[in-house]
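Values reported hereafter were calculated over all heavy atoms of this structure, with side chains retained and with hydrogens, waters and symmetry mates removed. For ligands, and for the atoms within them, numbers begin at 1 and follow the listed sequence.
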Amino acid sequence: MAPSPPCHVAVAAFPFGTHAAPLLAIVRRLAAASPGTTFSFFNTRQSNNTIFNKDTTTQFPNIKAYDIWDGVPEGHVFTGKPQERIELFVKAAPESLRINIEMAVVETGREVSCLLTDAFFWFGGELAQDMRMASWVQFWTAGPCSLSAHFYTDLIRQRISIAAKGSENEPLSFIPGMSKFLVQDLPEGVLFGNLESVFPNMLHKMGLSLPRAKAVFINSFEELDKTITHDLKSKFNKFLNVGPLNLVSPSLPPTPDESGCLRWLGGQKADASVAYISFGSVMMPPREELEEIATALEGGGVPSIWSLRENARQNLPIGFLEKTRKTGMVVPWAPQTDVLAHRAVGVFVTHCGWNSVLESIVGGVPMICRPFFGDQRLNRRMVQEVLEIGVKVEGGAFTKVGLERCLDLVLCQERGKKMRDKIKSLKEVANEAVGPRGSSTENFKLLLDVVTRPQGVVRLI
Ligand SMILES: O=c1ccn([C@@H]2O[C@H](COP(=O)(O)OP(=O)(O)O[C@H]3O[C@H](CO)[C@@H](O)[C@H](O)[C@H]3O)[C@@H](O)[C@H]2O)c(=O)[nH]1
């Protein structure tokens, strides 16, 4: 193959939840494979500050971070409405991205040939067309089942009447690969909630925009869900599973182990005996549920590491930290991927954010699931009923007794052993996918080609 001509890729990140970090992970990989290409990374200052460190700036001189406006007008008084920051950002994003890309073109002296965006940015196609770029590529940061739900939103709305009694229990069997998923698992905004508000509207427009992108890629591997992958391949120009991203190099540098979780795990004698508990970067369970988790840990004697933000500690029962000092750790942030890969960890109590699910598979650790919002209910269904590598917490919310039973099931019973065997086989498949001839490796080559070998200009039909 002839060497790629020098080109300029504009990357647009969504600065909330765990979206920008996996996008930067893939950009680092693209930048390493194509050192002649310039990658301009547009994101808010706050998000850039958390994901960019010295490692990226020194190792990848061809990646440059740009801080874009967070959309909060001067003097704005927050109403306390959930998602207010997201709505302000989304409203401002099309124009602020355009302005910043124009600035980067002037600064680098290179026209942008490819726009690589978080899939949420439905307007990327128009922007790429107006700026005469050769391609627009979308990155879906969650899993295949939620991507499919957003792609088929219009069909779901046609087929399901939420007014009909019992409709929440209807299976989504009219969507390829989704027969085990139910209407009640759908993310808010597909069928329920205020469908005209900013976020659901954005997701709907995104679902419609996916077939217009030159490629849509996700942090997963094809073998995890062959039917959905096969279907989406037939619907999009290119549908590329390129993960698990934390298994491929260069990935993001590991999270420092500031609280000594790994040292503590090293001191645990029994394999697969520790519960790791975390609910990601956005969600905090209600106070009552935190109390139930704490009492289950206190009474059951299961050793544990609990990643719990500092400001939530006040919701723990009085005396909990002292009573469990010998059997557990409560830390503000854990090196999650390393914790899940540790031999001593036997179960992950999770909200089923996509990155967490994938990291659990990579670690070979079965899950106890307590989904809260968005894609998490679909991910839970996939974990429990499609892949059989986890279980939903009894009753759908944490209670002392329910959690104790689930911990016993996964850590001590035959069913838990079966889950562990299944997830360990999946872990091997994931490793093969990123191996020399694996599906994710081949897909990455295709992605690299679309991103760094521009041809023609975007023309939306
Ligand atoms: O102590 C901790 C806790 C979390 N993590 C990391 O934080 C990330 C959490 O990501 P994820 O599990 O995807 O959860 P959220 O941060 O909640 O992610 C948002 O974005 C995801 C991707 O779109 C969605 O699947 C989720 O529903 C949405 O809440 C993972 O990489 C973890 O390794 C740590 O490193 N240490």
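- When the options A119, P371, S281 are ranked by their closest heavy atom to atom 16 (O) of ligand 1, first place goes to S281.
- W333 CZ2, 3.2 Å is the protein heavy atom nearest to atom 34 (C) of ligand 1.
- In terms of protein heavy-atom proximity, atom 12 (O) of ligand 1 is closest to S356 OG, 2.5 Å.
- Protein heavy atom closest to atom 17 (O) of ligand 1, with residue, atom name and distance, is H351 NE2, 3.0 Å.
- In this structure, atom 35 (O) of ligand 1 lies nearest to the protein heavy atom A334 O, 3.4 Å.
- Note: an N/O pair closer than 3.5 Å links Q376 and ligand 1 by distance alone.
- The residue among E359, M283, Q336 with a heavy atom at the shortest distance from atom 31 (O) of ligand 1 is E359.
- Counting atoms of ligand 1 from 1 in the listed order, those under 4.0 Å from a heavy atom of S307 are 1 (O), 2 (C), 3 (C).
- Scanning the protein for heavy atoms near atom 23 (O) of ligand 1, the closest one is T141 OG1, 2.8 Å.
- For K427 and E432, the salt-bridge test fails: no basic side-chain N is under 4.0 Å from an acidic carboxylate O.
- Taking a 4.0 Å cut-off on heavy atoms, F373 registers as neighbouring ligand 1.
- Taking the six-membered ring where the residue is Trp, the centroids of F120 and H19 are separated by under 6.0 Å.
- Remark: R370 qualifies as a cation-pi partner of F372 under the 6.0 Å distance and 45° angle criteria applied to the six-membered ring.
- Close N/O approach between S278 and ligand 1 is not found [any backbone or side-chain N/O within under 3.5 Å].
- Taking every heavy atom of H19 and a limit of under 4.0 angstrom, the matching atoms of ligand 1 come to 20 (O), 23 (O).
- Summarising the contacts of atom 18 (O) of ligand 1 with D375, N355, T18, the nearest heavy atom is found in T18.
- Ligand 1 is approached by Y276 to a heavy-atom distance shorter than 4.0 Å.
- Considering backbone and side-chain N/O of N379, none are found under 3.5 Å from N/O of ligand 1.
- Because its NZ or CZ atom is both nearer than 6.0 Å to the ring centre of Y66 and within 45° of the ring axis, K64 counts as a cation-pi partner of that residue.
- Applying the salt bridge (charged side-chain N to carboxylate O under 4.0 Å, His left out) test to residues at least two apart or on different chains, the pairs with a partner in residues 173-186 are D185-R381.
- Under the 4.0 Å criterion applied to side-chain N and carboxylate O atoms, E388 and R415 are not assigned as salt-bridge partners.
- The pair E310-R313 meets the salt-bridge criterion, since a charged nitrogen lies less than 4.0 angstrom from a carboxylate oxygen.
- For the pair R85 and F16, the cation-pi criterion (under 6.0 Å, within 45° of the ring axis) is not fulfilled.
- Between D271 and R420 there is no salt bridge, since no side-chain N of the basic residue sits under 4.0 Å from a carboxylate O of the acidic one.
- Salt-bridge annotation for E291 and K400: absent, with no side-chain N of the basic residue lying under 4.0 Å from a carboxylate O of the acidic one.
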